[in-house]
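Data first, discussion second: the structure below is written as structure tokens.
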Number of protein chains: 2
Amino acid sequence: MSARSGVPNDPGRRERIIAAALELILDDGVARVSHRAVAARADVPLGSMTYHFTSIDEVITEAFRRLVDRLSGRYRAGLHEAATPAEAREAVVEIICGDTFASPREMAGIFELYSYGRSSPDSAELAASWMGISAAALTEHFTPDAAHAIDALIEGWTIHHHLDGKAPDRELVRAAVTALTSSAL
Amino acid sequence: MSARSGVPNDPGRRERIIAAALELILDDGVARVSHRAVAARADVPLGSMTYHFTSIDEVITEAFRRLVDRLSGRYRAGLHEAATPAEAREAVVEIICGDTFASPREMAGIFELYSYGRSSPDSAELAASWMGISAAALTEHFTPDAAHAIDALIEGWTIHHHLDGKAPDRELVRAAVTALTSSAL
DNA sequence: TTGATCAGTGTACAAATGTACACTCTCAGT
DNA sequence: ACTGAGAGTGTACATTTGTACACTGATCAA
């Protein structure tokens, strides 16, 4: 038998690298992500990068995966907690207006994912799965049609919220969500 | 007096460079834009780039400006043509479901702008102005509140349309837009 | 303890990038 | 036709990038 088979010297290192990469994406954007920048942020030697990952794309995609996992977890939990239609609507309002579901940095990260997916098939798949998750979470409370419309509303209004720098009026958002649920959708 | 003062040897060259940069952004994404890549695409010597622009950021921002101009022109025109509320709603449906207002490539370009604005103040301003233009075009037909909601719906649904690769159901979109306009918004 | 084996690293390198700038070319004024 | 000022360019250069890979060192079977 072989000695020292598969025993890592520093377990969890790969994870820490991915975490560092995600922080870098959220702070500075994908464009600034490089083997060296991530290595420095994770306080890890450069060689570690090529040892644990086959390419920089893999690092970035894995970082995005963490982001999507994190956000979809909160998203799902927040909507699952809602017991009544009114509470579900309120959860949607909070997703759009609050920052308990996603901080501005995290929302910016999602846009970066959309852009990055244009040149990375793996990230494109990830972006698609993120959209699927949010749609699924909504269909728990709304008809499929209403869920589609609300999903789009969330997507767009969240972007505006983020780019404006200030949260939209809760009353207005609530009215819009209600309008989308109370008609024949 | 000075001889040859301000007489360009090849007028319109700057414009052609910007056009080439925009095409490059739409085809391959900002990440692939470089002095050399743009120069090659515009069939212009490398030195021309630094002669006409102070930095690559300027080239990219100008390219985005053309994109925003182009889209906001169509946007405004399309909504301005509408004479009745029903026609205005139909124009919104077309913006979301059709590709007469923005091709998939152009929509992808807008996302790239949102991302790029994170590190370029000029592009951030451009992104903000794009949002302002669309909002203004909508207030021509809808109440300010309804305009906000519809603007968000357009933004989000257009993204979904683009990332899904297939247009959403027109009937559904029409119902959603109607819902947002017929209530107390 | 030893040595085989694989985890992990430091360094080197080719390719690509943004930019500066010494140069060449062109044309308006004479 | 000539000329000089300013339009426009080719080349060179310092940096930064992704990646390869010869090396070092930690661990387990013996």
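Residue numbers begin at 1 in each chain, while the letters A, B, ... track the order of the sequences. Values reported hereafter were calculated over all heavy atoms of this structure, with side chains retained and with hydrogens, waters and symmetry mates removed.
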Table please: side-chain donor-acceptor pairs of residues 160-169 of chain B below 3.5 Å, with sequence neighbours left out.
unit_1	atom_1	unit_2	atom_2	d
H160(B)	NE2	E155(A)	OE1	3.0
H161(B)	ND1	I96(B)	O	2.8
D169(B)	OD2	L172(B)	N	3.2

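- Heavy-atom distances under 4.0 Å link DNA chain D to no residue of residues 22-30 of chain A.
- The side-chain heavy atoms of V92(B) and H141(B), taken from C-beta on, include no pair separated by under 4.5 Å.
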Per-nucleotide protein contact string for nucleotides 16-22 of chain C (B base, S sugar-phosphate only, - none; heavy atom under 4.0 Å): -BBB-B-
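- R4(B) has its CZ atom 12 Å from the C1' atom of dT24(C), to the nearest Å.
- At dA7(C), one or more side-chain N or O atoms of Y51(A) fall inside 4.0 Å of OP1 or OP2 (strictly under the cut-off).
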Candidate pair R66(A) and E15(A), rule salt bridge (charged side-chain N to carboxylate O under 4.0 Å, His left out), full reasoning: CA-CA 10 Å; R66(A) 296 315 134 101; E15(A) 276 311 310; 2.3 Å; yes
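- Looking at E58(B) and R14(B), a side-chain N of the basic residue comes within less than 4.0 Å of a carboxylate O on the acidic one, giving a salt bridge.
- Note: E171(A) CD to D145(B) CG = 10.0 Å, rounded to the nearest 0.5 Å.
- In this structure, E94(A) does not pair ionically with R74(A), as no charged nitrogen and carboxylate oxygen lie closer than 4.0 Å.
- Mapped onto DNA chain C by nearest heavy atom, N9(B) and V44(A) fall at different nucleotides, with V44(A) at the one closer to the 5' end.
- In summary, the side chains of Y116(B) and D122(B) do not present any donor paired with an acceptor at a separation below 3.5 Å, with no hydrogens or angles considered.
- Atom CD of E58(A) and atom C1' of dG18(D) are 14 Å apart (whole Å).
- Each of dG8(C), dT27(D), dT9(C) was ranked by its minimum atom distance to the side chain of D10(A); first place goes to dG8(C).
- Ring geometry for Y114(A) versus F111(B): interplanar angle of 30 to 60°, hence tilted.
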